[in-house]
Protein chains: 2
Amino acid sequence: MIEAAERQLASSSDHEIATRAVCEAVGVSQPVLYRLFGDKRGLLDAVADHGYERYAALKAAQERTGDPVADLHAGWDGHMAFAQANPALYQLMFTPRPWSHSTARDRVTDLLVAALTRCAAAGALKLEPRAAAQLILSANIGTALDHIARPALFEDPAPSRRMRDAVFSHVLTETSARQDADPLRTAALRLRAQLQLGGIEALEPVETALLQRWLERIAQP
Amino acid sequence: MIEAAERQLASSSDHEIATRAVCEAVGVSQPVLYRLFGDKRGLLDAVADHGYERYAALKAAQERTGDPVADLHAGWDGHMAFAQANPALYQLMFTPRPWSHSTARDRVTDLLVAALTRCAAAGALKLEPRAAAQLILSANIGTALDHIARPALFEDPAPSRRMRDAVFSHVLTETSARQDADPLRTAALRLRAQLQLGGIEALEPVETALLQRWLERIAQP
DNA sequence: TCTGCCATGCGATCAATGATACCGCCAGAG
DNA sequence: CTCTGGCGGTATCATTGATCGCATGGCAGA
């Protein structure tokens with residue numbers, strides 16, 4: 001019945017379900033639903049918790065590559081992929097509902113805390129795991145909801161990657177590998193911004209123009 | 001009528017409104033509502049857009065202190081305060097609804113882009129304004145929704161501040177660089193250091209050599 | 001094997017709500 | 001004065017969340 005509800009939730013255009021339709025799809029009548037879940041809210045909570053099971057299974061299948069920081073990155077991307085694959089379920093799980101008793105979000109937080117604790121064990125964490133988890137999860141949900149609102153965004157990996165880098169660089173200690181990821185490009189971008197901001201006396205105008213074009217070439221991915 | 005709907009939305013426990021109740025509160029009958037807004041969705045869209053007006057008024061009242069970066073920080077905090085003061089309206093405005101025609105979020109994005117463009121004019125922005133706005137707004141909404149789900153979080157300013165710092169430090173140039181007496185020279189020095197550190201593929205060797213000499217000329221006192 | 005009980009499911013129904021068809025009223029044009 | 005068009009209201013429909021009382025079937029115990 002939970003799965004029927006989830007299917008109807010995914011196929012409905014307004015992300016709503018009708019208890020009647022769910023019962024008919026399963027072949028029972030309404031009172032059994034109210035006997036099992038007590039309420040429509042109860043059914044939705046059960047759907048959300050079931051969604052967490054799928055989410056946790058996805059996580060368990062992909063995590064633990066040995067490098068906890070790499071696992072963290074994969075976890076972020078997996079979260080976004082889950083949101084893209086199940087938009088309605090995702091909103092049910094991660095959007096605040098005033099009366100929800102679902103523990104989906106808390107349990108996802110616990111998963112994230114565990115992953116972050118592994119990072120902390122490797123000496124890669126600047127904040128305490130719970131605070132870091134709250135930060136990362138909020139950013140991840142915010143980005144995913146934005147992408148759900150405008151699904152075209154899923155095509156471009158840049159926004160998600162930017163947010164991921166912003167949050168992780170604030171939470172993780174700067175390992176030499178991450179620090180040297182692409183310092184050349186950032187330096188080029190910085191110099192180009194300075195050139196555009198103010199003039200430059202050390203070079204001739206023609207040289208400045210050529211330098212600009214070179215910097216653009218350096219800065220391009 | 002929009003204000004009545006907003007009041008009912010704020011006082012309702014489940015963040016829902018009944019068209020009947022709104023009409024009764026105003027003293028008209030249902031068909032006028034459907035004549036004015038066409039739909040319950042239309043009414044909610046109108047409420048969301050009206051919420052944007054209040055939001056924009058709040059922004060206009062507090063912005064422009066002279067320092068665009070300080071304004072940006074104040075804008076983040078004001079956004080959080082708005083969410084705390086109007087949780088139901090906030091969710092209506094910023095939570096994805098499948099059929100919504102409200103432009104509230106887009107217009108908030110435009111406000112943010114304007115504020116970021118002022119930062120860019122001051123040389124304080126690393127990304128292009130639209131990308132930065134998308135990043136900041138997603139993080140802001142994600143944090144606000146988290147706080148709405150657990151209102152106790154509003155008591156502790158740390159989570160919001162952490163997220164704000166994380167995102168802003170990724171979007172804005174470092175204050176030390178901005179306060180630097182000669183940012184152009186330091187940027188040139190930094191790029192030159194990067195060039196010497198590792199190779200470069202985007203430029204031909206001859207071009208690289210010439211770039212090196214230019215950078216030296218820029219960096220010379 | 002029979003009997004009584006209890007849990008489970010169901011038809012019927014209620015209440016609330018979104019949405020609409022149709023009627024009446026009133027202002028303004030002719 | 002009459003006609004017409006727009007505006008609002010009454011009554012109503014359809015959908016949906018939620019509940020009541022009954023039937024039925026399985027199981028424990030005599």
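Below, read A as the first sequence line, B as the second, and so on, with proteins coming before strands; counting in each chain starts at 1. As a basis for the values below, the full set of heavy atoms in this structure was taken, side chains included, without hydrogen atoms, waters or symmetry mates.
Partner of Y90(B) under the ring-ring contact (aromatic ring centres under 6.0 Å, His included) criterion, chosen from H147(B), H79(B), H15(B): H79(B).
At a threshold of 4.0 Å, the pair D49(A)-R54(A) does not count as salt-bridged, since none of the basic side-chain nitrogens sits closer than that to a carboxylate oxygen. Salt bridge present: R161(B) and D165(B) bring a charged side-chain N and a carboxylate O closer than 4.0 Å.
Rounded to whole Å, atom P of dA18(D) lies 14 Å from atom CG of L36(A). As rounded to whole Å, 14 Å separates atom C1' of dT12(D) from atom OH of Y34(B). If you take CZ of R35(A) and P of dC20(D), they are 11 Å apart, rounded to a whole angstrom. When rounded to the nearest whole Å, the span between CD of Q8(A) and P of dT16(D) equals 10 Å. Nucleotide dT17(C) holds its P atom 10 Å from the CD atom of Q30(B), rounded to whole Å. Rounded to a whole Å, the NZ atom of K40(A) is 14 Å from the P atom of dT19(D). Straight-line distance from the CG atom of D14(B) to the P atom of dG17(D): 13 Å, rounded to whole Å. Rounded to whole Å, the distance from CG on L33(B) to P on dG18(C) is 9 Å.
Within the structure, every side-chain polar atom (N or O) of T19(A) is placed at least 4.0 Å from both OP1 and OP2 of dT16(D).
Side-chain atoms of N86(B) come within 3.5 Å of backbone N or O of F82(B) as a donor-acceptor pair.
You'll find that the side chain of P31(B) is closest to dA21(C), out of dG17(D), dA21(C), dG8(D). When the nucleotides dG17(D), dT20(C), dG8(D) are ranked by their closest atom to the side chain of A18(A), dG17(D) comes out on top.
Comparing S29(A) and R20(A) against DNA chain C, the residue whose closest nucleotide sits nearer the 5' end is S29(A).
Within 4.0 Å (heavy atoms only), I17(A) reaches sugar-phosphate atoms of the nucleic acid but no base atom.
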